[in-house]
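Please read all numbers here as calculations on a predicted model, not as lab measurements. What you see below is based on every heavy atom in this structure, not just the backbone, and it leaves out hydrogens, waters and symmetry mates.
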Amino acid sequence: MVDYSQFEASTKSGIHADASRIKKHDEIIGAVLSQRKSSKIIFVVCLAVLAVLAYFKLWVPVGICALAALFFLWRGTGKISEDYMREVYEEGLLVPGLIVKTQPLTIMAIANLVAQDGADTVNGCYNLVVKNLEGAKNQLYEKVPCSCFFRYEGGPYHSAFQPHPLYWATTNQQEIAAALRQVEEDNKENSRDEWEVLKEMAEKFPDLKNGEIIVLNENYEPFGRKDYLDSNYKPLEG
């Protein structure tokens with residue numbers, strides 16, 4: 001059995017991603033960067049409190065504060081390189097996304113979750129709530145090509161994926177249009193029109209939160225629901 005956990009996208013976006021634009025507009029990467037920045041600030045505060053507690057020889061609180069400082073140091077370390085930011089868009093899998101709500105602005109994207117050759121087809125529909133999508137028309141059912149990497153935790157399937165709209169990485173409308181044409185070509189090979197599947201899932205699950213994924217079988221029938229960070233899905237009732 002061929003193992004595809006070392007991910008290589010079968011179809012890539014073809015765009016030239018702009019790292020400075022990604023830093024400004026990519027809300028997923030931006031959230032990680034913001035969390036790391038705040039963690040560094042809290043780490044410094046913990047050190048200051050730790051010094052005061054040590055001065056008064058309050059050793060139990062010192063221990064607790066030290067553990068907290070170590071946690072925030074761990075969470076605040078590391079950085080996302082510009083090369084990685086570009087790779088998300090240039091090396092990730094090109095997938096269809098669709099604006100399914102305008103208030104709040106919500107994009108749903110679909111991707112094949114199969115990680116190993118021979119496994120039955122399983123798809124995921126990711127619900128992405130965004131603040132802004134500069135360059136798009138932001139109209140209901142507007143098609144938005146996205147690029148994604150997958151999270152792999154073992155077994156025949158990727159556990160999750162996150163779509164990044166190409167508008168977050170480039171202002172080149174010709175490149176985005178070319179990517180959309182490629183998505184349309186790929187869609188012709190599917191047993192169902194995936195744009196229609198996205199509409200159907202959005203209507204069937206109107207209460208999806210940001211980052212939730214609906215899991216579909218090979219016939220595009222939903223059978224599970226999970227948060228992006230969860231390892232396993234919860235079976236749908238009924």
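- Between Val197 and Asp193, the closest side-chain pair of non-hydrogen atoms is not below 4.5 Å.
- Considering all non-hydrogen atoms of both residues, Pro165 and Ile107 come closest at CG-CD1, 3.7 Å.
- A 4.5 Å side-chain heavy-atom check between Lys23 and Glu82 finds at least one atom pair inside the cut-off.
- Residues Asn210 and Tyr228 fail the side-chain proximity criterion, which asks for heavy atoms closer than 4.5 Å.
- Nearest heavy-atom pair across Pro145 and Leu94 is CB-CD1, 4.1 Å.
- Checked for salt-bridge contact, Arg225 and Glu212 meet the test: a charged N lies under 4.0 Å from a carboxylate O.
- Electrostatic pairing of Lys12 and Glu90 does not count as a salt bridge here, judged by no charged N lying under 4.0 Å from a carboxylate O.
- Looking at every heavy atom in both residues, Trp195 comes nearest to Gly97 through CZ3-O, 3.1 Å.
- One distance of note links CD of Gln116 with NE2 of His158; it measures 9.0 Å at 0.5 Å rounding.
- Of the candidates Asp18, Ile28, Ile29, Trp168 forms a side-chain contact (heavy atoms from CB on, under 4.5 Å) with just one, namely Ile28.
- Between Arg192 and Glu200 there is a salt bridge, since at least one side-chain N of the basic residue sits less than 4.0 Å from a carboxylate O of the acidic one.
- Between Asp26 and Tyr89, the side chains place a donor N or O and an acceptor N or O closer than 3.5 Å (distance only, hydrogens not considered).
- Val129 and Val100 fall into different hydrophobic clusters, where Ile, Leu, Val, Met, Phe, Trp and Tyr are joined by side-chain heavy atoms under 4.5 Å apart, directly or via other members.
- Ser147 places none of its side-chain heavy atoms less than 4.5 Å from the side chain of Leu93.
- With sequence neighbours excluded, the residues satisfying side-chain hydrogen bond (donor to acceptor under 3.5 Å, both in side chains) with Glu153 are Arg151, Ser231.
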Q. Please walk me through it: do Thr170 and His16 pass side chain to side chain contact (heavy atoms under 4.5 Å, CB included)?
A. CA-CA 7 Å; Thr170 183; His16 297 84; over 6 Å; no
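- Atom CG of Leu105 sits about 10.0 Å away from atom CG of Leu140, to the nearest 0.5 Å.
- At least one side-chain heavy atom of Asn187 sits under 4.5 Å from a side-chain heavy atom of Asn190.
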Q.
Assess the residue pair Tyr157 and Tyr152 against the criterion (ring-ring contact (aromatic ring centres under 6.0 Å, His included)); give the C-alpha distance rounded to whole Å, side-chain angles, the decisive distance to 0.1 Å, and a yes or no.
A. CA-CA 7 Å; Tyr157 300 100; Tyr152 183 73; 9.9 Å; no
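- Taking every heavy atom of both residues into account, Leu113 and Phe150 meet most closely at CD2-CE2, 4.0 Å.
- Panel note: side chain Ser81, backbone Tyr84; a donor-acceptor pair is recorded below 3.5 Å.
- The shortest distance between side-chain heavy atoms of Asn138 and Thr102 does not fall below 4.5 Å.
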Indicate every side-chain donor-acceptor pair of residues 118-128 with a distance under 3.5 Å to a residue at least two apart or in another chain.
from: Tyr126; atom 1: OH; to: Gln162; atom 2: NE2; distance (Å): 3.2
from: Asn127; atom 1: ND2; to: Leu208; atom 2: O; distance (Å): 3.3
from: Asn127; atom 1: ND2; to: Lys209; atom 2: O; distance (Å): 3.3

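- Hydrophobic cluster membership is shared by Tyr233 and Phe205, with clusters built from Ile, Leu, Val, Met, Phe, Trp and Tyr side chains linked at under 4.5 angstrom.
- The distance from the CG atom of Asp227 to the CG atom of Asn232 is 12.5 Å, given to the nearest 0.5 Å.
- Taking OH of Tyr167 as the reference point, atom NZ of Lys137 lies at 8.0 Å (rounded to 0.5 Å).
- Looking at Lys226, its side chain does come within 3.5 Å of a backbone N or O of Asp230 through a donor-acceptor pair.
- Considering every non-hydrogen atom in both Ala111 and Val95, the closest pair reads CB-CG1, 3.9 Å.
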Q: Apply side chain to side chain contact (heavy atoms under 4.5 Å, CB included) to Ile22 and His164, showing your working.
A: CA-CA 10 Å; Ile22 295 169; His164 296 251; over 6 Å; no
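- Annotation: side chain of Arg21 is in contact with side chain of Thr171 (closest heavy-atom distance under 4.5 Å).
- Atoms SG and CG, from Cys146 and Leu180 in turn, are 10.5 Å apart once rounded to the nearest 0.5 Å.
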Q: Report the C-alpha distance between Ile176 and Asn172 in whole Å, list the side-chain angles of each, state the deciding distance to 0.1 Å, and finish with yes or no for side chain to side chain contact (heavy atoms under 4.5 Å, CB included).
A: CA-CA 7 Å; Ile176 292 176; Asn172 191 320; over 6 Å; no
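- Closest of all the heavy-atom pairs between Ala19 and Met85 is O-SD, 4.2 Å.
- If you check the side chains of Gln182 and Asp186, you find a donor sitting under 3.5 Å from an acceptor.
- Contact check for Pro222 versus Met201: side-chain heavy atoms found under the 4.5 Å cut-off.
- In this structure, CD on Glu189 lies 10.5 Å from CD on Glu194, to the nearest 0.5 angstrom.
- With respect to Glu196 and Lys199, a salt bridge is recorded, a charged nitrogen being found less than 4.0 Å from a carboxylate O.
- Counting heavy atoms of neighbouring residues, nucleotides and ligands inside a 6.0 Å radius, atom CD of Gln173 exceeds 12 of them.
- Under a hydrophobic-cluster definition in which Ile, Leu, Val, Met, Phe, Trp and Tyr are linked whenever side-chain heavy atoms come within less than 4.5 Å, directly or via other members, Leu229 and Ile80 are assigned to the same cluster.
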Q: For Glu27 and Val130, run side chain to side chain contact (heavy atoms under 4.5 Å, CB included): C-alpha distance rounded to whole Å, both residues' side-chain angles, the deciding distance at 0.1 Å, then the answer.
A: CA-CA 7 Å; Glu27 297 174 20; Val130 303; 3.6 Å; yes
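- Between Arg86 and Glu91 no salt bridge is recorded (no basic side-chain N to carboxylate O distance below 4.0 Å).
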